[in-house]
Protein chains: 2
Amino acid sequence: MARKTGSHGDITGPKVREVALHLIARHGFAAVSMRQIAADVGVQAGALYRYTPDKQTLLFELMRDHMDALLAARAARGEARNVLDRLDDFTRFHIRFHSERPDAVFVSYMELRNLTPDNFTKLEGLRRTYEDQLEAILKDGVAAGVFAVRDTKITTLAIIAMLTGLTTWYRDGGRLPLDEIERIYIDMVHGAVGMAQG
Amino acid sequence: MARKTGSHGDITGPKVREVALHLIARHGFAAVSMRQIAADVGVQAGALYRYTPDKQTLLFELMRDHMDALLAARAARGEARNVLDRLDDFTRFHIRFHSERPDAVFVSYMELRNLTPDNFTKLEGLRRTYEDQLEAILKDGVAAGVFAVRDTKITTLAIIAMLTGLTTWYRDGGRLPLDEIERIYIDMVHGAVGMAQG
DNA sequence: GTCTATACTATGATAGAC
DNA sequence: GTCTATCATAGTATAGAC
């Protein structure tokens, strides 16, 4: 085999992460070897350690980057005026963001148990920050008398679980366009917060 | 170390499955070794192969047994008369059954990707059978004019995702008793199928 | 039915040549 | 920046003693 020399660091670095995310989503962190990742990237296993100190750090950074991107994208959206618009905006945002990144979503929700305790705690903090944004909307809606919610914490988790479940079956070019799916979920979210549908 | 001889097959067999389920739920199938399972059972690794031909079969049988138990428990329940009672019964059943078996639920939803294609197909069939039971209720409710559902398939998956999400946070002796949690989820399910809450 | 011992393969990670 | 080569460790599974 010919040896590839030369500088490809700015290409290889992102590619390592992309390949690792895809393989881990497909087979699980523990089931994927550094050699498999290297093979798909097109380098030898040893070369990977130019881009990550170890396998655990690679996993953590994939998950942290996903949560950072989620929070950043959310922060970049302007806040709507009334609670119902804010709720609908959250629903739409969550569906769009998650449906566009099935691998990252899968990894971020499934590989928590493979993080070291330290890394787990950090990621939980980010996840919690996101959940709190929805719970704040629910609380405001209840205070305004617009939503009828028995328990904002449980309703928050239930809505997020319902919305995120989409990623287990949604595929581009499926039976229904994403616009229509969004409408269906918005109706169900309205129902879950105690509003009549319309 | 003294060697343990004697017949413990009827004890060891179930214990292997119990220990394996717990360890796989905690760390993931690929991350758990046959040696770890054997250590927790209290035997040497070689002894496990009296109870399973290999690791893959062990995983598959854990998952299949869970789905079999789910379908059997559901079939053992008498069918309610009207659609709303049937929906509430499904909700209550799902919450009870899943909250009592967090390990089996976790494994059955997270380790699908570690099954061989053959075993995956078998398990998908069982899962589909269960989903179809909820979808049948939704269809009947729509036909009766009791439910307002845009798409029974998506609503089915959304409701199951919402309910199953409970297992990620519910712990015995938590903030709320299971009865109260059931009431909250029943309300949300009513909302998701387009009924006013009450 | 469980043990010990082992065959064989794979793993994560490092050192040093180019 | 990537390669080859290698270390130390761990993996699944099997064979045969007890």
Side-chain angles (χ1 to χ4, degrees), chain A residues 1-24 26-63 107 111 113-116 118-119, chain B residues 1-24 26-63 107 111 113-116 118-119:
Chain A
M1 275 274 262
R3 167 121 159 290
K4 291 174 207 148
T5 46
S7 299
H8 299 292
D10 9 351
I11 299 169
T12 307
K15 192 160 185 195
V16 167
R17 302 167 84 83
E18 174 200 318
V19 164
L21 189 67
H22 187 66
L23 283 177
I24 293 171
R26 261 246 197 317
H27 306 109
F29 174 70
V32 172
S33 70
M34 296 298 269
R35 283 173 165 80
Q36 276 177 270
I37 295 170
D40 276 23
V41 170
V43 297
Q44 293 299 314
L48 293 181
Y49 292 86
R50 287 268 128 196
Y51 304 98
T52 181
D54 51 43
K55 201 188 176 193
Q56 165 71 211
T57 304
L58 177 59
L59 174 65
F60 173 64
E61 290 183 349
L62 289 174
M63 296 170 77
V107 169
E111 303 295 350
R113 61 192 174 180
N114 284 307
L115 291 175
T116 58
D118 247 37
N119 287 340
Chain B
M1 275 275 261
R3 167 121 159 289
K4 291 175 208 145
T5 45
S7 299
H8 300 290
D10 8 353
I11 300 169
T12 306
K15 193 161 185 196
V16 167
R17 302 166 86 83
E18 175 199 319
V19 164
L21 189 66
H22 187 66
L23 284 176
I24 293 171
R26 260 246 195 319
H27 306 110
F29 175 71
V32 172
S33 71
M34 295 299 269
R35 284 189 225 279
Q36 274 176 272
I37 295 170
D40 277 23
V41 170
V43 297
Q44 294 298 315
L48 294 181
Y49 292 85
R50 287 268 127 196
Y51 304 97
T52 180
D54 51 42
K55 202 189 175 192
Q56 166 69 211
T57 304
L58 178 57
L59 173 65
F60 172 64
E61 290 184 350
L62 290 174
M63 297 171 77
V107 170
E111 303 296 349
R113 60 192 173 179
N114 283 307
L115 292 174
T116 58
D118 247 37
N119 287 340

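Quick note: numbers below take in every heavy atom, side chains included, and nothing from hydrogens, waters or symmetry partners. Throughout, a chain's letter reflects where its sequence line sits, starting with A, and its residues are numbered from 1.
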Validation row: Leu58(B), Ile37(B) side chains within 4.5 angstrom (heavy atoms): yes
Pairwise side-chain contact, Thr52(A) with Met34(A), heavy-atom cut-off 4.5 Å (strictly under):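 SC-SC contact between Thr52(A) and Met34(A) confirmed.
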Contact nearer the 5' end of DNA chain C, comparing Ser33(A) with Pro53(A):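 Its nucleotide being nearer the 5' end, the pick is Ser33(A).
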Distance, rounded to the nearest Å, where [X] contributes [atom1] and [N] contributes [atom2]:
| X | N | atom1 | atom2 | answer |
| --- | --- | --- | --- | --- |
| Tyr51(A) | dA13(C) | OH | C1' | 17 Å |
| Ile24(B) | dT12(D) | CD1 | P | 11 Å |
| Asp10(B) | dG1(C) | CG | P | 8 Å |
| Gln44(B) | dT14(D) | CD | P | 17 Å |
| Arg50(B) | dA15(D) | CZ | P | 12 Å |
| Tyr49(B) | dG11(D) | OH | C1' | 9 Å |
| Asn114(A) | dG12(C) | CG | C1' | 15 Å |
| Leu48(B) | dT4(C) | CG | P | 14 Å |

Enumerate all atom pairs, one protein N or O and one N or O from nucleotides 5-8 of chain D, separated by less than 3.5 Å.
none

Contact residues, residues 54-61 of chain A to DNA chain C [heavy atom, < 4.0 Å]: Asp54(A), Lys55(A)
Thr12(B) side-chain N/O to dT2(C) phosphate OP1/OP2 under 4.0 Å: yes
Residues Lys55(A), Glu111(A): salt bridge by 4.0 Å N-O rule: no
Please list, chain by chain and in numerical order, all residues satisfying side-chain hydrogen bond (donor to acceptor under 3.5 Å, both in side chains) with [X], sequence neighbours excluded.
| X | result |
| --- | --- |
| Asp54(B) | Thr57(B) |
| Asn119(B) | Gln56(B), Thr116(B) |
| Glu18(A) | none |
| Arg35(B) | none |

Closest to the Val43(B) side chain, choosing from dG11(D), dC3(D), dC3(C):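 Selected nucleotide: dC3(C).
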Closest contact, heavy atoms only, Pro14(B) versus Ile11(B):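 Heavy-atom minimum between the residues: CD-O, 3.3 Å.
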Heavy-atom closest contact (Val41(A) atom, Val16(A) atom, distance): CG2-CA, 3.8 Å
Sugar-phosphate, base or nothing in reach of Val32(B), heavy atoms under 4.0 Å: sugar-phosphate
